[in-house]
There are 2 protein chains.
Amino acid sequence: MTEAPNKAEQILRVAERMARQGGYNGFSYRDIAKEVGIKAASVHYHFPSKEALGAALGRRYTERFLAGLGDPEDAEVSSSALLERYIGAFRRALVDEGQMCLCGLLGAEVAELPRPVAAEARHFFEKNIGWLSVVFARAPGERSPEQVRAAALQVIATLEGAMILARSLDDPQVFDAVTQGL
Amino acid sequence: MTEAPNKAEQILRVAERMARQGGYNGFSYRDIAKEVGIKAASVHYHFPSKEALGAALGRRYTERFLAGLGDPEDAEVSSSALLERYIGAFRRALVDEGQMCLCGLLGAEVAELPRPVAAEARHFFEKNIGWLSVVFARAPGERSPEQVRAAALQVIATLEGAMILARSLDDPQVFDAVTQGL
DNA sequence: CAGGATCTATCTAACGATTGGTAGGTAATT
DNA sequence: AATTACCTACCAATCGTTAGATAGATCCTG
């Protein structure tokens, strides 16, 4: 039996799903409350303001995403396997869950986000750059720190763009066509 | 003397600027009206509904963007110069204008957009794939139609992602670090 | 050519719905 | 007694949208 998660967790799950489809304005306290089975005012008990909820969403997403990637220093996994794992994480979100990367979407809207939310989107990318940089530093071939960072940035940009493209064209194969180049 | 553009044009300009910062929910009839110097109801005279305005925004953006790229068959410009021109179009939007690609942002939100708006975002990408496919078909080296299309998709995805990353990290140099790999 | 009709572009004033948020109460648990 | 987790009942602001009026330009007709 899967025991019911507490309300705060349910709120985060529902809000994340909505945010990953419509962005920061894609979820509202009332819509979340309705789906969780409480009243909108009760959502404010758990998350006092929308920007607090949005920031919590970003933080939680980043933590979960990185935890799912595992240790980039793990000597038992090759750097190329780690890169495939990274690509697979994006692919699963798109193909299996039919969802956009939360921070990719927030990143696109970053200019009009409350500061704490924008900061979480930024944090997601910084952590991702760090993870991939470890992987690329391990990969065969000489690379300066700048080259390592550039390689990481290129992979992230390509994957975020691939999700947007595949969703806009309503064709998941577009994602594979793009990532075959990585 | 630059003569004042008509109101419909002014509305489109203001709405586009707002949409490129905050997405489809980033512009409102009232905000547009205030900036243009008319009342919100008068905006409805020019664009009867928000989805019509959103679609007009996308169509106009696509036309202007493609016109700015020029003819991809132009024998006087090398394919590599055309690719640089394509990258430069995105770079200018980001660095000089401080704006996101309209259709990149709409594409990220595509799941919650009115159908006609989503269709325009899709149309933008289809046209871009077409333009780049002509360029890559001209480039030296043997490439199957599938490989040509994949190369086009990879470039577009990388550029859209590069804009998101550069804006999230608040560092335009990130764009250059990403595109140096193209 | 005068004058009525129509068209264009705007206005005021409102509509119902939705938004994030608050105050204050309540029942159960600690 | 205090805390937790909810509730009802609001609030002001904003949303897209509509109805109906108006002033000025343009057009058609007698």
Side-chain angles (χ1 to χ4, degrees), chain A residues 3-59 102 105-106 109 111-120, chain B residues 3-58 105-106 109 111-120:
Chain A
E3 56 187 283
N6 60 28
K7 292 291 185 206
E9 173 66 19
Q10 288 182 57
I11 289 165
L12 288 167
R13 284 188 195 181
V14 169
E16 181 184 311
R17 205 194 61 236
M18 291 172 171
R20 288 173 70 177
Q21 299 291 346
Y24 187 71
N25 289 314
F27 62 99
S28 77
Y29 273 67
R30 276 170 182 75
D31 289 344
I32 295 166
K34 183 166 293 181
E35 195 156 325
V36 169
I38 58 178
K39 298 296 170 179
S42 305
V43 180
H44 279 280
Y45 170 76
H46 297 281
F47 302 96
S49 69
K50 187 170 183 181
E51 81 174 40
L53 174 52
L57 237 42
R59 206 172 319 129
L102 174 66
L105 217 174
L106 293 180
E109 297 175 323
E112 291 218 337
L113 292 182
R115 230 165 239 288
V117 183
E120 291 300 333
Chain B
E3 56 187 284
N6 61 28
K7 290 290 185 209
E9 173 67 19
Q10 288 182 56
I11 290 164
L12 287 168
R13 285 188 195 181
V14 169
E16 181 184 312
R17 205 196 61 236
M18 291 173 171
R20 288 173 70 179
Q21 300 290 346
Y24 186 70
N25 289 313
F27 63 98
S28 79
Y29 273 67
R30 279 173 180 78
D31 289 343
I32 295 166
K34 184 166 293 182
E35 195 156 327
V36 169
I38 57 179
K39 296 295 170 179
S42 305
V43 180
H44 279 279
Y45 171 77
H46 297 280
F47 302 95
S49 69
K50 187 169 182 181
E51 81 174 39
L53 174 53
L57 237 42
L105 218 174
L106 293 180
E109 296 175 324
E112 291 219 335
L113 292 181
R115 231 167 237 288
V117 184
E120 291 299 334

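Just so we're on the same page: letters track the sequence lines, and every chain starts at 1. Note that these values count all heavy atoms, side chains included, but never hydrogens, waters or copies made by symmetry.
From A:Ser42, atom OG reaches atom CD1 of A:Ile32 across 12.5 Å, with rounding to the nearest 0.5 Å. The structure places CD of A:Gln21 at 11.0 Å from CG of A:Leu102, a figure rounded to the nearest 0.5 Å. One finds the CD atom of A:Glu112 at 10.0 Å from the CG atom of B:Asn25 (value rounded to the nearest 0.5 Å).
Among residues at least two apart or in separate chains, side-chain hydrogen bond (donor to acceptor under 3.5 Å, both in side chains) pairs with a member in residues 45-59 of chain A are A:Arg59-A:Glu120. The list of salt bridge (charged side-chain N to carboxylate O under 4.0 Å, His left out) pairs with a residue in residues 14-27 of chain A, not counting sequence neighbours, reads A:Glu16-A:Arg20, A:Glu16-A:Arg60, A:Glu16-A:Arg64, A:Arg17-A:Glu35, A:Arg20-A:Glu97.
Considering only heavy atoms from C-beta on, A:Tyr24 stays 4.5 Å or farther from A:Leu105 through its side chain. Proximity of B:Val43 to B:Val36: side-chain heavy atoms (C-beta onward) are nowhere separated by under 4.5 Å. Using a 4.5 Å heavy-atom cutoff, the side chains of B:Leu57 and B:Phe27 are in contact.
For C:dC11, one of the phosphate oxygens OP1 or OP2 lies less than 4.0 angstrom from a side-chain nitrogen or oxygen of B:Ser42. A:His46 has no side-chain polar atom (N or O) that falls below the 4.0 Å cut-off from OP1 or OP2 of D:dT4.
Distances were taken from every side-chain heavy atom of B:Tyr45 (C-beta onward) to each of C:dA9, D:dT4, D:dC7; the shortest belongs to C:dA9.
Computed from C1' positions of five pairs at each end, the angle between the two local axes of the helix from C:dC1-D:dG30 to C:dT30-D:dA1 equals 10°, rounded to 10 degrees.
Spacing between atom CG of B:Asn6 and atom C1' of C:dT8 amounts to 13 Å, rounded to whole angstrom units. For A:Lys39 and D:dC10, the NZ to P distance is 14 Å, given to the nearest whole Å. Distance, B:Lys34 NZ to D:dG16 P: 13 Å, rounded to whole Å. B:Asn25 has its CG atom 11 Å from the C1' atom of D:dG16, to the nearest Å. Rounded to whole angstrom, the span from the CD1 atom of B:Ile32 across to the P atom of D:dT14 amounts to 16 Å.
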For nucleotides 16-30 of chain C, give me one character per nucleotide, 5' to 3': B if any protein heavy atom sits under 4.0 Å from the base, S if the only such contacts are to the sugar-phosphate, - if neither.
---BBBB--------
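Listed in residue order, the members of residues 14-22 of chain B having a heavy atom less than 4.0 Å from DNA chain D come to none.
With sequence neighbours excluded, the residues that form a side-chain contact (heavy atoms from CB on, under 4.5 Å) with B:Ala40 are B:Tyr29, B:Arg30, B:Ala33.
More than 12 heavy atoms of other residues, nucleotides or ligands lie within 6.0 Å of NZ in B:Lys7, so this atom counts as buried by the packing criterion.
Residues B:Ala56 and B:Leu12 come closest through the heavy atom pair CB-CD2, 4.2 Å.
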